[in-house]
Amino acid sequence: MENFNLSDLKLNLNVLNFLPDWVKVTSVNGEVIYANTPLINALNFDPQGMRVDDLKLTKFADIFNIHSIGLSMKSGDIIKSQLNFDGSIFDVSTAPITDTFGMVMAYIDIYRDMTGFQKIQNELFIKNKIMNKDLSMTKKIQESILPSDLNYGRIKVDYCYQPCEQLSGDIFDVIKVSRSITGAYICDVAGHGVPAAMITVFVRETMRSLYDYNSTAYDLSELHKRFLNLRLGMDQYLTMFYVLIDTEERTISYSNAGHNCPMILIRKDGFETISIPGKPICNYFTNIEFKEHIIRFNPGDKLLLFTDGIIESVNKNGEQFGIERVEGIVENCSSDILGALKRSVDYFNGGIRYDDMCAVLIEFKEGD
């Protein structure tokens, strides 16, 4: 609201009549000296010339209680207040009107009907409350599908799981296939939020319902077929690195569905970074042939699987964390690899993450 003076007011009275807001001007002596047409229509009479004290005795008392008589105001002051009248909510702005010498001669009150806006705000508040409740429930469901038992015979599992938002597009699982065979995968679904979270549930239920588990390549092909049945958009896809560990044969068979992070095989005398090409699970391809490789996995060995939220984490200079830093942590930390990895990433990016982070460490325990 701009500063007002009496000469400006007289020149702009007609303009005030075309405003949707109610406008009234009250002299310092408590007399209404102007009311615009919208206010007159609402009152069904013109209050000009009437005293505010008399108008307070009418059913329109709440309207005329909004004024600044008796208050110490100077040029440039604005008082904000709110009026509830006849089921409507008004924001009221009050300012002094001065003469050419800067003396306060009157007060102008502008009443803006905020009922519709307030209604929209209330509806948005309720809907946001419901949405947050649904998100919290979805988060609980998503967290509940993570493995709770981290010991699978001679296979021990540890993990780090940090969504960048309330819900995550990353998921992992460990499946006890038989006495000697354990399946494990890490998966990264494109996007975040509810759609990605729902796909992670689909992945988990699909992988646990497979009936073969003898070939990682076959299982990924079956996952792709079932993904196609969802008939999702082309922007929906997922990547996965999938392994089957055989503690009797002491082997790992593995396949990759477009996952851009290698797995790291950690042995007592060093480590090996293992990559294998593969197409992502998506609707671009109707048939995908996945490759499967087999490598030795001995007691005491460990396997690290992770998502690109780690290697693609950026610092304030835009530099990525990179696979080299992950390898450096593996090389220099004989224990608590996941803790060291998390601390290093958090220090690197200052605690600001733009993608989900997930890492799984699988250990082939020594002994019988």
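Numbers here are sequence positions counted from 1.
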[X] side chain vs [Y] backbone, donor-acceptor pair below 3.5 Å:
X	Y	value
E363	K302	no
Y254	M263	no
S344	A340	no
T98	M103	no
K56	D62	no
D173	R204	no
N65	A61	yes
D356	G169	yes

Using side-chain contact (heavy atoms from CB on, under 4.5 Å), reason through I89 and L83 one step at a time and then give a plain yes or no. CA-CA 6 Å; I89 301 171; L83 167 67; over 6 Å; no

Run the side-chain contact (heavy atoms from CB on, under 4.5 Å) test on L303 and I252 for me, step by step, so that the C-alpha distance in whole Å, both residues' side-chain angles and the decisive distance to 0.1 Å come before the verdict. CA-CA 10 Å; L303 184 67; I252 295 176; 4.0 Å; yes

In terms of hydrophobic clustering (I, L, V, M, F, W, Y; side-chain heavy atoms under 4.5 Å; direct or indirect links), are [X] and [Y] co-clustered?
X	Y	result
Y237	L230	no
I294	F241	no
W22	I40	no
F85	V52	yes
V32	L39	yes

Checking side chain to side chain donor-acceptor pair (under 3.5 Å) for the pair S313/Q320: CA distance, chi angles, key distance, verdict? CA-CA 5 Å; S313 180; Q320 291 192 347; over 6 Å; no

Do you know which two heavy atoms are closest between [X] and [Y], and how far apart they sit?
X	Y	result
I171	T200	CD1-O, 3.3 Å
C282	L228	O-CD2, 3.6 Å
A95	I78	CB-CG1, 4.4 Å
L265	I295	CD2-CD1, 3.8 Å
N256	I276	ND2-O, 2.7 Å
G258	T239	O-CG2, 3.3 Å

Among residues two or more places apart or on two chains, list those pairs meeting salt bridge (Lys or Arg N to Asp or Glu O under 4.0 Å) that have a residue in residues 262-284. R267-D301, K268-E366

Per the salt bridge (Lys or Arg N to Asp or Glu O under 4.0 Å) rule, what does the pair list look like for residues 305-320, sequence neighbours excluded? E319-R325

Can [X] and [Y] be counted as an ion pair, charged N to O under 4.0 angstrom?
X	Y	value
D246	R250	no
R226	E222	yes
K80	D91	no
D336	R343	yes

Check step by step if side-chain contact (heavy atoms from CB on, under 4.5 Å) holds for E31 and Q48. CA-CA 8 Å; E31 180 181 314; Q48 183 174 334; over 6 Å; no

M207 and I175: side-chain contact (heavy atoms from CB on, under 4.5 Å), yes or no, with the steps? CA-CA 9 Å; M207 294 302 291; I175 305 165; 4.3 Å; yes

Please determine whether the number of non-hydrogen atoms from other residues, nucleotides or ligands lying under 6.0 Å from atom [atom1] of [X] exceeds 12.
X	atom1	result
K119	NZ	no
K176	NZ	yes
E123	CD	yes
N229	CG	yes

Side-chain contact test, heavy atoms from C-beta onward, threshold under 4.5 Å: evaluate it for [X] versus [Y] and give yes or no.
X	Y	result
V157	I155	yes
F290	I281	yes
Y107	V25	no
R112	D21	yes
V104	V28	yes
F202	L223	yes
L55	M50	yes
P47	F60	no

Does a side chain donor of either [X] or [Y] reach within less than 3.5 Å of an acceptor in the other side chain?
X	Y	answer
D219	Y242	yes
T216	E292	yes
D113	T115	yes
D188	T307	no

Gap between atom [atom2] of [Y] and atom [atom1] of [X] - 0.5 Å precision:
X	Y	atom1	atom2	result
L43	K24	CG	NZ	10.0 Å
F227	L232	CZ	CG	5.0 Å
Q236	M198	CD	CE	10.5 Å
F285	N283	CZ	CG	10.5 Å
E249	R296	CD	CZ	8.0 Å
H293	S275	NE2	OG	11.0 Å

Students should find that the hydrophobic cluster of L338, defined by side-chain heavy atoms under 4.5 Å apart, otherwise consists of I264, I266, F271, L304, F306, I310, I311, F321, I323, V326, I329, V330, I337, L341, V345, F348, M357, L361

Taking the six-membered ring for Trp, are the ring centroids of F172 and Y159 within less than 6.0 Å of each other? yes

